[in-house]
Amino acid sequence: MRRSLIAVVTLAVIGTLLLPATSNVAAGTLPDAWQPYLWLAWPIGMLLAAPMISLEVRGWRQSEEYHPGTVTAEERLDRAAHDLADAARRQWTKEAGLRSLHSPEPIRVRWSSTGRPVAAELSKVLTPDAIAGRPLRLRGDVRQVADVFRQVQARQLVILGAPAAGKSVLALLLTLSLSPDEPVPVLLAISSWNPHREDLHSWVARRIVEEYPALANSGRYGPDAARRLVDDGRVVPVLDGLDEMSDALQPVALDAIDRAVLDQYPLVVTCRSAEYRDAVDRNGRFLAHAAVLEIQPVSIEDAMGFLGGADPHPERWQPILDHLTVHP
């Protein structure tokens with residue numbers, strides 16, 4: 001479309017201005033007042049034609065580079081996964097910087113496997129190596145959540161917590177913690193999904209293209225690259241904020257997620273603890289292949305260590321720390 005528009009404009013200008021001028025010169029009918037400016041014809045013509053020539057050459061190179069005969073569909077999909085991972089990492093690295101999440105290091109958000117009746121037994125969801133020689137209760141902090149994700153056989157996690165406990169931050173940092181050779185984590189707000197109207201995989205694929213429109217370039221990545229990445233399990237949908245859906249949709253969404261992923265697709269879901277418990281109760285089942293982690297309240301010491309960590313005068317926080325110690 002863009003190439004065609006430039007070509008049409010260029011040809012229109014050449015046709016309406018330069019060609020008549022050239023004809024008049026040949027016929028000797030050009031007004032005398034125009035004679036001093038004839039030397040401008042060639043530079044103007046070249047200037048107008050240059051964008052069209054450049055776009056045509058670029059299009060030729062692209063068609064050569066991604067011609068079906070020279071690049072396989074799998075190679076195109078590999079490139080799509082690589083470029084999506086780069087774009088997502090740039091986006092969320094910038095967001096982490098804006099939120100000062102690494103200033104000077106991530107706040108010590110602690111979590112443990114939930115004690116609520118909303119999860120399968122860990123012995124059924126963890127890999128044998130993760131189970132061997134350890135008590136079946138998980139504990140850690142924000143820096144270890146990616147390790148737990150890798151220890152779940154189906155690569156499925158549910159992250160629970162109280163309001164403002166840090167669920168979205170934990171999801172963001174998990175997104176940045178996965179390595180380039182793993183499925184690409186894509187952080188999406190689940191509140192815009194209506195499971196009555198769209199299945200999970202279709203919604204995730206559509207949202208990926210909306211967030212990263214370059215992935216719709218079928219010449220570079222092949223047709224429906226986002227959908228193929230989702231169907232092949234090469235994307236980890238990090239679905240943030242199940243509790244932000246309407247009360248009526250939460251159990252429906254949970255059931256639709258369970259039916260869509262089974263034990264074959266990686267997935268991360270965040271939700272407030274009470275709302276998740278209610279959704280499980282109303283749905284009558286939980287995500288059978290997911291490990292469920294619950295964020296613990298941030299300790300006063302950890303909070304103050306984070307706040308004062310990048311402050312050249314950390315002693316300024318001491319009165320607040322003293323007050324919170326007496327009045328937690």
Side-chain angles (χ1 to χ4, degrees), residues 80-81 83-96 98-99 101 106 109 111 119 125 140 142-152 154-161 165-193 195 198-212 215 226-227 229-245 250 253-254 256-258 260-273 275-276 279 287 289-295:
D83 291 354
L84 175 60
D86 278 352
R89 180 168 294 277
R90 287 195 301 270
Q91 175 187 3
W92 296 113
T93 298
K94 180 179 179 181
E95 181 66 21
L98 292 174
R99 298 189 188 190
L101 298 184
V109 177
W111 51 262
V125 300
V142 65
R143 292 165 293 191
Q144 298 165 306
V145 70
D147 295 333
V148 174
F149 176 77
R150 298 182 183 102
Q151 292 169 357
V152 179
R155 299 290 182 95
Q156 295 175 13
L157 275 184
V158 176
I159 299 172
L160 305 180
K167 301 178 292 298
S168 296
V169 168
L170 201 64
L172 191 159
L173 293 176
L174 171 62
T175 297
L176 293 175
S177 298
L178 298 182
S179 63
D181 59 346
E182 296 180 282
V184 182
V186 179
L187 182 56
L188 302 169
I190 194 176
S191 57
S192 66
W193 177 38
E198 197 170 17
D199 68 88
L200 179 67
H201 291 175
S202 297
W203 176 79
V204 170
R206 178 172 62 81
R207 289 290 293 116
I208 288 175
V209 175
E210 290 174 354
E211 289 288 328
Y212 308 99
L215 213 65
R227 182 58 192 249
L229 288 173
V230 172
D231 289 345
D232 289 355
R234 299 182 65 173
V235 167
V236 183
V238 182
L239 307 178
D240 187 30
L242 179 66
D243 54 275
E244 295 179 7
M245 302 180 80
Q250 289 172 21
L254 193 61
I257 291 171
D258 188 45
V261 299
L262 300 175
D263 62 345
Q264 302 172 15
Y265 298 94
L267 180 84
V268 179
V269 179
T270 76
C271 188
R272 292 181 178 180
S273 302
E275 282 82 347
Y276 191 75
L287 300 182
H289 305 283
V292 181
L293 310 181
E294 189 157 7
I295 298 174

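- Atom-to-atom distance recorded for I208:CD1 and R227:CZ is 10.5 Å, nearest 0.5 angstrom.
- The shortest side-chain heavy-atom distance between Q156 and P266 does not fall under the 4.5 Å cut-off.
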As a quick check of understanding, evaluate side chain to side chain donor-acceptor pair (under 3.5 Å) for Y212 and Q91, giving each step before the final call.
CA-CA 10 Å; Y212 308 99; Q91 175 187 3; 2.5 Å; yes

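- Of all heavy-atom pairs spanning A81 and V184, the tightest one is O-CG2, 3.6 Å.
- At a threshold of 4.5 Å between non-hydrogen side-chain atoms, the residues D240 and V269 do not count as touching.
- Checked by atom type and distance alone, the side chain of S191 never pairs as donor or acceptor with a backbone atom of M245 at under 3.5 Å.
- A distance of 9.5 Å separates SG in C271 from CD in E244, rounded to the nearest 0.5 Å.
- Residue L187 holds its CG atom at 4.5 Å from CH2 of W92, rounded to the nearest 0.5 Å.
- Using a distance-only test at 3.5 Å, with no hydrogens or angles considered, no donor-acceptor pair links the side chain of E211 to the main chain of L188.
- Nearest approach of L215 to A80, heavy atoms of both residues: CD1-O, 3.7 Å.
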Does the pair L200 and V261 meet the rule for a side-chain contact (heavy atoms from CB on, under 4.5 Å), with working shown?
CA-CA 9 Å; L200 179 67; V261 299; 4.1 Å; yes

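- With L160 as the partner, the side-chain contact (heavy atoms from CB on, under 4.5 Å) test is satisfied by one option alone out of I295, V292, L293: V292.
- Using a 4.5 Å heavy-atom cutoff, the side chains of V148 and W111 are in contact.
- Going from atom CG of L239 over to atom CZ of R207 covers 10.5 Å, rounded to the nearest 0.5 Å.
- The ring pair (Phe, Tyr, Trp, His ring centres under 6.0 Å) check on Y276 picks up nothing, with sequence neighbours excluded.
- In this structure, CG on L157 lies 11.0 Å from CG on L287, to the nearest 0.5 angstrom.
- By the 4.5 Å heavy-atom criterion applied to side chains, I190 and I257 are counted as neighbours.
- For the pair R155 (side chain) and Y265 (backbone), a donor-acceptor distance under 3.5 Å is absent.
- Using a 4.5 Å heavy-atom threshold, the side chains of W203 and S192 count as touching.
- A pairwise comparison of heavy atoms in V235 and P183 identifies N-CB, 4.2 Å as the closest pair.
- To the nearest 0.5 angstrom, E210 atom CD is 4.5 Å from R206 atom CZ.
- Under a 3.5 Å cut-off, the side chain of D243 and the backbone N or O of E275 do not form any donor-acceptor pair.
- Contact of the L84 side chain with the V186 side chain is registered, since non-hydrogen atoms from C-beta on lie closer than 4.5 Å.
- The backbone N or O of G241 lies less than 3.5 Å from a partner atom in the side chain of T270, making a donor-acceptor pair.
- Under the salt bridge (charged side-chain N to carboxylate O under 4.0 Å, His left out) criterion, R150 pairs with D147, E182, not counting sequence neighbours.
- Between the side chain of D199 and the backbone N or O of H201 there is at least one donor-acceptor pair closer than 3.5 Å.
- Of the possible polar contacts, one joining the W193 side chain to the E198 backbone as a donor-acceptor pair under 3.5 Å is found.
- Nearest heavy-atom pair, A226 versus A205, reported as atom, atom and distance to 0.1 Å: CB-O, 3.7 Å.
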